[in-house]
**Student:** 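Please see the structure below; I have some questions.
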There are 2 protein chains.
Amino acid sequence: MAITIKDVAKKANVSIATVSRIVNNQSGYSSGTKEKVLKAIKELGYSPNALARGLVGQPTRTIGVLLPNVSSLFAGKLLEGIEDEAKENGYSVVVCNTGTQGLRAMGYLDMLNEKRVEGIIYGSGDMTKDQGDKLSALNIPVVMVATKPAYGHFPYVKVNDKKAAFDATRCLLDHGHTRIAFIGGQLEDPIAGRPRYEGFIQAMNERDLPIDESLIKFGDFSFNSGKEMMTEFVEEGASFTALFATSDEMAVGVLHAAYEKGIRVPDDLSVIGYDNTLASEMAIPPLTTVAQPLYEMGQKAFQRVIKTGATQIEMKHHMVERETVKSRRT
Amino acid sequence: MAITIKDVAKKANVSIATVSRIVNNQSGYSSGTKEKVLKAIKELGYSPNALARGLVGQPTRTIGVLLPNVSSLFAGKLLEGIEDEAKENGYSVVVCNTGTQGLRAMGYLDMLNEKRVEGIIYGSGDMTKDQGDKLSALNIPVVMVATKPAYGHFPYVKVNDKKAAFDATRCLLDHGHTRIAFIGGQLEDPIAGRPRYEGFIQAMNERDLPIDESLIKFGDFSFNSGKEMMTEFVEEGASFTALFATSDEMAVGVLHAAYEKGIRVPDDLSVIGYDNTLASEMAIPPLTTVAQPLYEMGQKAFQRVIKTGATQIEMKHHMVERETVKSRRT
DNA sequence: CTGTTAGCGCTTTCAG
DNA sequence: CTGAAAGCGCTAACAG
């Protein structure tokens with residue numbers, strides 16, 4: 001059996017209440033007793049039982065994080081921000097890998113609830129209605145990060161996807177490109193799918209450029225999906241001088257397909273990605289991309305789930321120009 | 001206030017003991033009462049308080065995972081394996097990002113202990129003596145994954161680093177290379193540093209090839225470190241036809257430096273990495289590497305920390321030949 | 001300044 | 001088959 005507050009009390013010849021006060025830095029004891037108790041604690045190697053504390057209504061100092069794919073660079077960065085900020089504030093975070101479909105989420109919700117987490121961060125991925133309802137019912141703070149609610153009305157922290165996509169497209173446009181291919185997430189995805197598509201369209205429209213449907217494809221943000229779509233483009237004989245992929249992974253997939261097909265980037269084709277994960281930095285050539293401040297978003301999400309505040313936080317995106325975008329020779 | 005076992009008992013007109021039995025699938029009640037209680041539970045939306053359960057000596061079904069860098073592809077894969085297996089077994093995992101130096105580890109250990117986790121997985125990174133001592137003192141199961149104890153004697157699951165490095169070098173040798181550069185972790189690192197170096201040396205020796213010290217450098221496994229070392233090699237005018245980097249990230253850094261310097265891979269230089277993370281797959285050209293089964297290692301580590309068993313599990317590595325290694329024209 | 005005591009929500013004897 | 005009651009380790013009144 002682990003050693004408890006009673007053992008300390010006995011050893012220091014005081015009551016457990018006194019020990020509790022000292023452990024919790026409250027007032028109401030002489031410096032003499034404090035010393036005695038601290039000594040006993042050290043000698044016994046006592047550490048308070050967080051379970052018991054939680055039971056008497058004390059904050060559990062634990063939050064839960066739901067992520068669709070912990071092993072991705074994207075989620076990793078988010079998690080890192082959350083975790084660092086949590087540590088800073090004395091909290092621990094339990095991670096839940098909900099899987100690509102977010103299928104396992106419901107089970108996690110019960111578990112998190114039973115463990116009495118103080119808050120839940122829902123990172124990316126689509127929230128189903130079931131999940132939203134359950135989350136609301138749980139009656140504990142929820143904040144969404146890198147996504148926003150399709151159901152319910154949870155606070156969220158994210159960039160403006162449409163504007164970010166608009167700027168990415170503009171970057172290509174400003175380099176003189178007019179035939180621009182677009183690779184995005186599904187249009188049915190109201191968070192990361194449609195808005196980015198709309199940003200693209202808006203930028204094209206603003207320049208009075210026609211939208212060529214044969215230059216538009218939708219995938220699932222993954223490397224493979226990007227690679228496949230690009231391969232299709234070239235096999236279909238599509239002609240374009242630039243391409244915007246709405247995730248770095250897809251963009252790197254594009255780079256891959258281009259490499260295989262002997263298309264030189266950026267000489268034959270300019271490519272721009274989205275996210276600014278390590279993947280864009282490691283790409284050859286280094287990928288120009290529009291950055292989401294993932295780490296900071298994680299930090300903000302943590303803060304927001306603990307202290308209540310603004311119900312939506314819009315983070316600023318920014319362009320990171322590396323080597324995959326080149327001006328079109330005219 | 002959340003609803004408790006008492007509420008259920010009252011609503012179902014039974015004692016809390018009965019409710020407890022039913023919730024825990026024990027025996028000792030009629031099917032009639034069971035139905036009544038289940039109904040009450042559903043209507044009230046009751047869910048047991050894990051804190052209270054833990055307090056009465058029940059397993060907390062929680063484990064802690066210490067990782068030096070959660071946002072890396074490497075740690076991500078490990079974590080994914082751990083988490084999936086945990087979920088499968090009804091456990092939750094709290095992640096601790098110990099930072100590159102593992103400096104924050106001590107604080108985490110206290111926290112994990114206070115939360116009464118049932119076990120701790122120490123993932124990668126060097127364990128300091130302080131940490132080892134504390135971990136032992138905690139008196140809860142610890143298993144190390146992708147690393148092994150330099151202090152203490154914890155069970156671990158990992159590949160045989162020396163053999164893996166030996167095989168990687170052999171791959172280069174078998175392709176006819178004789179002047180092979182080596183980029184590794186620090187020799188002082190007894191886990192991932194020295195053994196891989198030794199594997200390299202052994203393979204060279206076996207072929208009676210001389211070891212050229214000017215072709216050997218040590219870094220920190222990161223992309224930047226790999227890139228820098230490769231840049232140094234070419235600036236020093238070192239001459240070699242193949243290179244072995246003991247992490248995919250470093251290998252990709254090498255690819256980068258080569259790209260910048262106009263060195264073609266694999267035509268001018270063959271490169272082999274280590275880990276088989278997504279980075280190797282996404283590299284251009286796709287990186288040949290020696291794979292560690294990171295995901296499975298995570299799973300095994302979880303199993304081992306829960307059920308006691310073998311004190312060391314050696315996982316098998318294997319070669320993944322992609323496009324960065326080419327036979328030397330003779 | 002310090003101790004006593006009543007729970008927190010749950011599991012588990014021990015009686016019936 | 002079911003209930004009463006003790007107690008897990010801790011905090012928070014309430015007394016002194």
Side-chain angles (χ1 to χ4, degrees), chain A residues 1-38 40-41 44-62 110-118 139-140, chain B residues 1-38 40-41 44-62 110-118 139-140:
Chain A
M1 210 60 246
I3 92 115
T4 78
I5 198 174
K6 274 187 195 160
D7 303 318
V8 176
K10 195 174 299 173
K11 174 139 193 162
N13 261 310
V14 296
S15 71
I16 60 168
T18 299
V19 177
S20 176
R21 289 189 189 99
I22 292 173
V23 168
N24 294 295
N25 269 307
Q26 299 179 124
S27 56
Y29 47 78
S30 66
S31 60
T33 11
K34 177 169 181 177
E35 212 136 316
K36 262 195 316 189
V37 170
L38 255 24
I41 287 178
L44 261 26
Y46 167 73
S47 81
N49 183 326
L51 267 34
R53 278 179 159 171
L55 192 54
V56 293
Q58 220 68 188
T60 55
R61 297 201 153 254
T62 303
D110 285 323
M111 171 175 277
L112 292 174
N113 182 229
E114 293 179 8
K115 298 233 160 104
R116 298 297 186 259
V117 298
E118 287 180 49
N139 209 28
I140 77 179
Chain B
M1 212 57 248
I3 93 116
T4 78
I5 198 173
K6 274 189 198 160
D7 302 318
V8 177
K10 195 173 301 169
K11 174 138 194 162
N13 263 310
V14 295
S15 72
I16 60 169
T18 299
V19 176
S20 177
R21 288 188 191 102
I22 292 173
V23 168
N24 293 295
N25 269 308
Q26 298 179 120
S27 55
Y29 45 80
S30 66
S31 59
T33 9
K34 178 170 181 180
E35 212 136 312
K36 263 196 316 191
V37 170
L38 255 23
I41 288 178
L44 261 26
Y46 166 75
S47 82
N49 183 326
L51 267 37
R53 279 179 159 173
L55 191 54
V56 291
Q58 220 66 187
T60 55
R61 298 201 153 253
T62 303
D110 285 323
M111 170 174 279
L112 257 18
N113 182 228
E114 293 178 8
K115 298 232 160 107
R116 299 299 186 259
V117 297
E118 287 180 49
N139 209 29
I140 77 179

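Chain naming here is simple, since letters A, B, ... match the order of the sequence lines and numbering starts at 1 in each.
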**Student:** Give a yes/no on whether any side-chain N or O of K6(B) is located under 4.0 angstrom from OP1 or OP2 of dC8(C).
**Tutor:** yes

**Student:** In whole angstroms, how far is the C1' atom of dC8(D) from the CD1 atom of I5(B)?
**Tutor:** 15 Å

**Student:** What is the distance, to the nearest angstrom, from the CZ atom on R61(A) to the P atom on dT11(D)?
**Tutor:**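 Answer to the nearest Å: 13 Å.
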
**Student:** Under the salt bridge (Lys or Arg N to Asp or Glu O under 4.0 Å) rule, collect the residues that match up with K11(B), sequence neighbours excluded.
**Tutor:** E43(B)

**Student:** Are V23(B) and I41(B) close enough that some pair of their side-chain heavy atoms sits under 4.5 Å apart?
**Tutor:**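 A side-chain contact under 4.5 Å exists here.
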
**Student:** In degrees, rounded to 10°, what is the bend between the two ends of the helix from dC1(C)-dG16(D) to dG16(C)-dC1(D), using five pairs at each?
**Tutor:**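 Inter-axis angle at the termini of the helix from dC1(C)-dG16(D) to dG16(C)-dC1(D): 40°.
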
**Student:** Can you name the atoms? Protein N/O to nucleotides 3-5 of chain C N/O, anything below 3.5 Å, with the distance.
**Tutor:**
unit_1	atom_1	unit_2	atom_2	d
dG3(C)	OP2	S15(A)	N	2.8
dG3(C)	OP2	S15(A)	OG	3.3
dG3(C)	OP2	T18(A)	OG1	3.0
dG3(C)	O6	R21(A)	NH2	2.2

**Student:** Under 4.0 Å from OP1 or OP2 of dT11(D): is there any side-chain N or O of N24(A) that close?
**Tutor:**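 Looking at the OP1 and OP2 atoms of dT11(D), one of them is under 4.0 Å from a side-chain N or O of N24(A).
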
**Student:** When the nearest nucleotide of DNA chain D is assigned to V23(A) and to V56(B) on a heavy-atom basis, which residue is associated with the more 5' position?
**Tutor:**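 Taking each residue's closest nucleotide, the earlier one in sequence belongs to V56(B).
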
**Student:** Heavy atoms, side chains only, cut-off 4.5 Å: are Y29(A) and V14(A) in contact?
**Tutor:**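 Side-chain contact under 4.5 Å: no.
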
**Student:** Nearest heavy-atom pair of I16(A) and I5(A): which atoms, and what distance?
**Tutor:** O-CD1, 3.5 Å

**Student:** In whole angstroms, how far is the C1' atom of dG3(D) from the CD1 atom of I22(B)?
**Tutor:** 13 Å

**Student:** For residues N49(A) and L55(B), determine if any side-chain heavy atom of one lies less than 4.5 Å from a side-chain heavy atom of the other.
**Tutor:**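 Yes, close enough: below the 4.5 Å cut-off.
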
**Student:** Only one of D7(A), V37(A), I3(A) forms a side-chain contact (heavy atoms from CB on, under 4.5 Å) with Y46(A), so which one is it?
**Tutor:** I3(A)

**Student:** Working note: D110(A) + S47(B), criterion side-chain contact (heavy atoms from CB on, under 4.5 Å); need CA distance, chi angles, decisive distance, verdict.
**Tutor:** CA-CA 8 Å; D110(A) 285 323; S47(B) 82; 5.7 Å; no

**Student:** Just to verify, what does T60(A) make a side chain to side chain contact (heavy atoms under 4.5 Å, CB included) with, not counting sequence neighbours?
**Tutor:**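 Testing T60(A) for side chain to side chain contact (heavy atoms under 4.5 Å, CB included), a comparison that skips the adjacent residues, returns T62(A), R116(A), E118(A), L51(B).
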
**Student:** Please report, rounded to the nearest Å, how far the C1' atom of dG9(C) is from the CG atom of L55(B).
**Tutor:** 9 Å

**Student:** By nearest heavy atom, map Q26(A) and K34(B) onto DNA chain D; which one lands nearer the 5' end?
**Tutor:** K34(B)

**Student:** Rounded to the nearest angstrom, tell me the gap between atom CG in N49(A) and atom C1' in dT11(D).
**Tutor:** 13 Å

**Student:** Quickly work out the R116(B) CZ to dC8(D) C1' distance and round it to whole Å.
**Tutor:** 11 Å

**Student:** With heavy atoms under 4.0 Å as the rule, sort G28(B) into base, sugar-phosphate or nothing.
**Tutor:**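 Answer is base: heavy atoms of G28(B) come under 4.0 Å of a base.
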
**Student:** Taking side chain to side chain contact (heavy atoms under 4.5 Å, CB included) as the test, write out the residues that go with N13(B), two or more places apart.
**Tutor:** none

**Student:** Provide the full list of salt bridge (charged side-chain N to carboxylate O under 4.0 Å, His left out) pairs with a residue in residues 23-36 of chain A, sequence neighbours left out, each pair given once.
**Tutor:**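 Found none.
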
**Student:** Whole angstroms only, please: what is the CG-C1' distance between D7(A) and dC8(D)?
**Tutor:**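 For the pair D7(A) CG and dC8(D) C1', the rounded distance is 13 Å.
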
**Student:** Is the distance from OP1 or OP2 of dC8(C) to the nearest side-chain N or O of Q58(A) less than 4.0 Å?
**Tutor:** no

**Student:** Distance check needed: dG9(D) C1' versus L44(A) CG, whole Å only.
**Tutor:**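 One finds 15 Å between C1' of dG9(D) and CG of L44(A), rounded.
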
**Student:** Does a side-chain N or O from S30(A) land closer than 4.0 Å to OP1 or OP2 of dT2(C), or not?
**Tutor:** yes

**Student:** dT11(D) phosphate, OP1 or OP2: any side-chain N/O from R53(A) under 4.0 angstrom?
**Tutor:** yes

